[in-house]
Colleague: 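This is the structure I want to talk about, given as structure tokens.
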Amino acid sequence: MSFLERDDPEVAGIIEKERQRQVFGLELIASENVVSRAVMEATGSIMCNKYAEGYPGKRYYGGCEFHDDVENLARDRLCKLFSAEHANVQPHSGSQANQAVYYATIQPGDVIMSQSLTQGGHLSHGSPVNISGKLYEVHSYGVDYESEVLDYGAIADMARKTKPKMIVCGASAYPREIDFKAFGEIAEEVGAVCMADIAHIAGLVATGIHNSPIDVCTYTTTTTHKTLRGPRGGAILCRKEDGPAIDKSVFPGMQGGPLMHIIAAKAVCFKEALSPSYKEYAEQVVKNARVLADTLAGNNLRLCSGGTDNHLVLLDLSDHGITGLEAENALGEAGITVNKNTIPREKRSPFVTSGLRVGTPTVTSRGMKEDEMKQIGDWIGRVINNIQDKNTIMAVRKEVVDFAGRFPLYPDAV
Ligand SMILES: *Cc1c(COP(=O)(O)O)cnc(C)c1O
């Protein structure tokens, strides 16, 4: 019996139910993943017992020598992973990493240009309901209406007109490769700072599958828990000379004590991401997304932008007369977890939407390959194309449970 089962059966029971949901369902949420046992062990370690405000060698508390060691290891590994000069591994989340870059570089009231939330951007890039949208004057760029891909000429024109202090690039729901060099050049032309947020695609950038913003954008922010497959958290990368301002902005500017157990787990994640087997994993994530996209298209579903270059597919359901919300619910009943998502030509509210975002990082971590993607794509097609038919949905559910059970989250778990 575990300590948790003995001391708090209520929480233990809830976690066990969640474990079963993860094991017997198919997780296709593009921002999620399955961490290794080693990452989980570090996350649940005694490193959580310590206050370590400050940075290695300059802490506000005694007894931090081993915390210095682990944070230095995390920083060095992250710099190596992305060929960057300076890393800050303390942001508690991707949103806080972004906030820290804004706080270090621009003033309230300054103009930010970023990709609109409804066309793939992120809340922390200046949405009116987020602090970033309240502090700064935000101008959003979107994708081209016809092609549904970013139009760098139009973005450059907008930058010349709005004269931003900061251009943010990077997205949460954009299936195509982003040209970071183009963004860096636009920012340079108008005298703006450029921040590339690679939260979703960090694992693809780290392995060279996606082009890197490191030498072409001023700041790079990321999460560590999406394709990178580490603990939940954020990080910032920049040049050496910009490091002190970023560090000051994270602590004491934005945060208090760092989550040292998470930083230990980040170090483990970065070591894993430097390994050849991780590169194979990242390549498989992209191959799987392509096969999944083709299979969905073969099931008469429209892909926004016509396909994918990365780990995710954006489906437009508007020609089927069903909403993203209805599709998310029906697929959920079938044991397939996805999220509704606004699409470039959106006509509905973000609570309803006309689209679905489908990603391959988690299923790839479970060992699924091209054949399994064809199977999953066909199930998604069957559910969406028979959305009123409860019998079909229940039949798919049964198949999904049997299938998922053959791909354990932790095959070597004891
Ligand atoms: C997920 C995401 C974030 C923020 O992540 P949190 O850790 O949830 O705050 C930031 N930017 C982009 C583009 C993301 O997709």
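First listed ligand is number 1; within each ligand, the first listed atom is number 1. Remember, it's a predicted structure, so these values are computed and weren't measured experimentally. Excluded from the calculations below are hydrogen atoms, water molecules and symmetry mates; all remaining heavy atoms, backbone and side chain alike, are included.
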Colleague: Using a 3.5 Å cut-off on N or O atoms only, is Ser124 in polar contact with ligand 1?
Modeller: no

Colleague: For atom 6 (P) of ligand 1, which protein heavy atom lies nearest, and how many Å away is it?
Modeller: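 Minimum-distance protein heavy atom for atom 6 (P) of ligand 1 reads Gly94 N, 3.6 Å.
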
Colleague: Just by distance, with hydrogens left out, do Asn385 and Asn300 show a side-chain donor and acceptor under 3.5 Å apart?
Modeller: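 No pair is found: no donor N or O on one side chain lies under 3.5 Å from an acceptor on the other.
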
Colleague: Between Gly233 and ligand 1, is there a nitrogen or oxygen pair with a distance under 3.5 Å?
Modeller: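 Gly233 vs ligand 1: no N/O contact under 3.5 Å.
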
Colleague: Is it the case that ligand 1 has an N or O less than 3.5 angstrom from some N or O of Gln96?
Modeller: no

Colleague: To the nearest 0.5 Å, tell me how far Glu328 CD sits from Asn339 CG.
Modeller: 6.5 Å

Colleague: Just checking Phe180 against His210, ring centres under 6.0 Å apart?
Modeller: yes

Colleague: With side-chain contact (heavy atoms from CB on, under 4.5 Å) as the test, pick out the partner of Val313 among Val338, Thr295, Leu296, Leu301.
Modeller: Leu296

Colleague: Could any protein non-hydrogen atom be found less than 4.0 Å from atom 8 (O) of ligand 1?
Modeller: no

Colleague: For atom 1 (C) of ligand 1, what is the closest protein heavy atom, and at what distance to 0.1 Å?
Modeller: Lys226 NZ, 1.3 Å

Colleague: With distance as the sole criterion, is a donor-acceptor pair present between the side chains of Asp110 and Tyr102 under 3.5 Å?
Modeller: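 The criterion, which ignores hydrogens and geometry beyond distance, is not satisfied for Tyr102 and Asp110.
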
Colleague: Just jot down the ligand 1 atoms closer than 4.0 angstrom to any heavy atom of His225, in number order.
Modeller: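 In order of numbering, the contacting atoms are 7 (O).
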
Colleague: Using a 4.0 Å cut-off to any heavy atom of Asp197, which atoms of ligand 1 qualify?
Modeller: 10 (C), 11 (N), 12 (C), 13 (C)

Colleague: Check each atom of ligand 1 against the heavy atoms of His200 and keep those under 4.0 Å away; list them by number with element.
Modeller: 15 (O)

Colleague: Which one holds for Ser93 and ligand 1: side chain close, backbone close, both close, or neither close, with close meaning a heavy atom under 4.0 Å?
Modeller: both

Colleague: Side chains of Asp378 and Asn299: do they bring a donor and an acceptor to under 3.5 Å?
Modeller: yes

Colleague: Write down the atom of Ile343, the atom of Leu315, and the distance for their closest heavy-atom approach.
Modeller: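 Where Ile343 meets Leu315 most closely, the heavy atoms are CG2-O, 3.7 Å.
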
Colleague: Would you please say whether a donor-acceptor pair under 3.5 Å links the side chains of Tyr281 and Ser365?
Modeller: yes

Colleague: Looking only at N/O atoms, are Thr223 and ligand 1 under 3.5 Å apart anywhere?
Modeller: no

Colleague: List the steps, then state whether side-chain hydrogen bond (donor to acceptor under 3.5 Å, both in side chains) holds for His125 with Asp197.
Modeller: CA-CA 9 Å; His125 295 180; Asp197 177 350; 2.7 Å; yes

Colleague: Show which atoms of ligand 1 fall inside a sub-4.0 Å distance from at least one heavy-atom site of Ser172.
Modeller: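 By the 4.0 Å cutoff, the relevant atoms are 12 (C), 13 (C), 14 (C), 15 (O).
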
Colleague: Under a 4.0 angstrom heavy-atom cut-off, which atoms of ligand 1 come close to Ala171?
Modeller: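 Those atoms are 13 (C).
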
Colleague: Who's closest to atom 4 (C) of ligand 1 heavy-atom-wise, of His122, Gln99, Arg232?
Modeller: His122

